[in-house]
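See below for the structure under consideration.
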Amino acid sequence: MTTVGVPEGWPATEEEARAVQDELRGRVVLDEPGPPPGTGTVTGVDVAYDDDLDLVAAAAVVLDAATREVVAETTAVGRISFPYVPGLLAFREIPTVRAALDALEREPGLVVCDGYGLAHPRRFGLASHLGVLTGLPTMGVAKNPFTFTHADPAPARGSWAALLAGTEEVGRALRTRDGVKPVYVSVGHRVGLDNAVAHTLALTPAYRLPETTRRADALCRRALKEAARARSPLAGRAAADPDRDWGRSVYEGRRDPVAWAGRVLAAAAGPGPRPPEIEAALELAADPLRWSRGREVFELVRRGSPLPEERAPRTRLLLFRLAELVAKVAHNTAGPAPFFDHHAGWAIGPLAHRLALLTDDGPTRDRIANAVGEWPPPA
DNA sequence: GCGACAG
DNA sequence: ATCTTGTCGC
Ligand SMILES: [Mg+2]
């Protein structure tokens, strides 16, 4: 298992990500038929997430194309590199998927992705993107329809209906099992559509989804559980927690939770130079007109925050956590659904308390206590 | 402007 | 994707 961070220069906004797609889309190769089904190897890639733990796990499983037996498999774990935005899935999945592919000791052959390739608003879905970045032949098999409408294919396995963008066929809804919901096949890089459909049928001897994605899906989920367990061995328990109860009462007693959270963060950050992420959270909290941008600030803070196992100063880690909570509370107050955990604000008081106990500076400690407004009863 | 929207 | 028990159907 390899570990990866967010790549240098990785897009941080939707605008940047769309620009990257427009830049790279010209490099897709669409005039190669690609490897014939049943020859060489086929590898499935897939990703599983735990957004709360900021964890992504990817798997690559190489199958013998003729026998469909597993001949190699790798996993990689990384941080969340981008939020899920329809049309920008690749920016969320690719860094960790690439790490898993790079860890392979043998050539992957044709790569089968869990999602779309050409059948994408800008003709540059996950499979296309991965193909351009790796040079490997790629195709996409999606479980759900996306942008393009299609007729319902006949009930027999092998039947299909075109995914049409105007008059252009960008993919096919393909029935892989009799009477079962179709999958959605589109080409990625260096593979033709007929060939992609043939591969999909060759990979679905028993179930709706290709064996490649079934195996990669199972493996990356296992890898995610393993990574989550390694990070917090005690996760999963829910015990009575007096600190949490106190945090709840402090938070819910506030007239203006967002401004309060901002003042607590300001006190905890102390005077002097502050990391830009903290600064952003402070500016967010200070201006009600910005609260609806809480989600973006949350993502900014999350990207900049040190990993729990990193040997960064404890206070710095907690400060970033506090900034995340400020952004969450702001979003929950003014932002559009979906909301963060409704109880996010409950953690602010206890977190500030812990931070205060860790600071050597007496005045800062007092300022934090002051900003919070009350202090937990001694245990 | 509103809703839909791969994983 | 993820949260989760039972339940409807072959
Ligand atoms: Mg997937």
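A note on names: the letters A, B, ... follow the listed sequences, proteins ahead of strands, and every chain is numbered from 1. Just so it is clear, the values below take in all heavy atoms, side chains as well, and ignore hydrogens, waters and symmetry mates.
Regarding A/Asn144, its CG atom lies at a distance of 11 Å from the C1' atom of C/dA1, rounded to whole Å. Between A/Leu55 atom CG and B/dG7 atom C1' there is a gap of 17 Å when expressed in whole angstrom units. In this structure, the CG atom of A/Leu89 is 10 Å from the P atom of C/dA1, given to the nearest Å. Here the C1' atom of nucleotide B/dG7 and the NE2 atom of A/His120 are 12 Å apart, to the nearest Å. Regarding A/Tyr49, its OH atom lies at a distance of 13 Å from the P atom of B/dA6, rounded to whole Å. In this structure, the CZ atom of A/Arg92 is 18 Å from the P atom of B/dC5, given to the nearest Å. Rounded to a whole Å, the CG atom of A/Leu126 is 19 Å from the P atom of B/dC5. At whole-Å resolution of the value, CZ in A/Arg221 and C1' in B/dG7 are 11 Å apart.
Looking only at side-chain heavy atoms (C-beta outward), A/Trp260 and A/Val372 come within less than 4.5 Å of each other. Within the 4.5 Å cutoff, the side chain of A/Pro182 has no heavy atoms near those of the A/Thr176 side chain.
For the atom pair OG1 (A/Thr74) and CG (A/Leu104), the distance works out to 4.5 Å, reported to the nearest 0.5 Å.
Here A/Leu163 lies out of heavy-atom contact (under 4.0 Å) with every strand. No contact: A/Pro121 has no heavy atom under 4.0 Å from any strand. Within the 4.0 angstrom heavy-atom criterion, base atoms lie near A/Tyr84. If you check every strand for non-hydrogen atoms under 4.0 Å, A/Gly87 touches a base. Within the 4.0 angstrom heavy-atom criterion, only backbone atoms of the sugar-phosphate kind lie near A/Ala48; the bases stay farther away. Here A/Asp46 lies in heavy-atom contact (under 4.0 Å) with sugar-phosphate atoms only.
For NZ of A/Lys225, the number of neighbouring non-hydrogen atoms (other residues, nucleotides, ligands) closer than 6.0 Å is 12 at most. More than 12 heavy atoms of other residues, nucleotides or ligands sit less than 6.0 Å from atom CD of A/Glu279.
Here the side chain of A/Asp114 is nearest to one of B/dC5, C/dC3, B/dG7, namely B/dG7. In the set B/dC5, C/dT2, B/dG7, the nucleotide with an atom closest to the side chain of A/Ala142 is B/dG7. Of the candidate nucleotides C/dT2, B/dA6, C/dC3, B/dA6 has the atom lying nearest to any side-chain atom of A/Phe146.
Between the side chain of A/Thr2 and the backbone N or O of A/Ala76 there is no donor-acceptor pair closer than 3.5 Å. A distance-only check finds no donor-acceptor pair linking the side chain of A/Ser159 to the backbone of A/Pro155 [under 3.5 Å].
Taking a pair as Watson-Crick or G-U wobble with both distances under 3.5 Å, DNA chain C forms no stem of 3 or more consecutive pairs.
Checking the phosphate oxygens (OP1, OP2) of B/dG7, a side-chain nitrogen or oxygen of A/Lys143 falls inside 4.0 Å.
For the residue pair A/Glu93 and A/Tyr49, a side-chain donor N or O sits within less than 3.5 Å of a side-chain acceptor on the partner.
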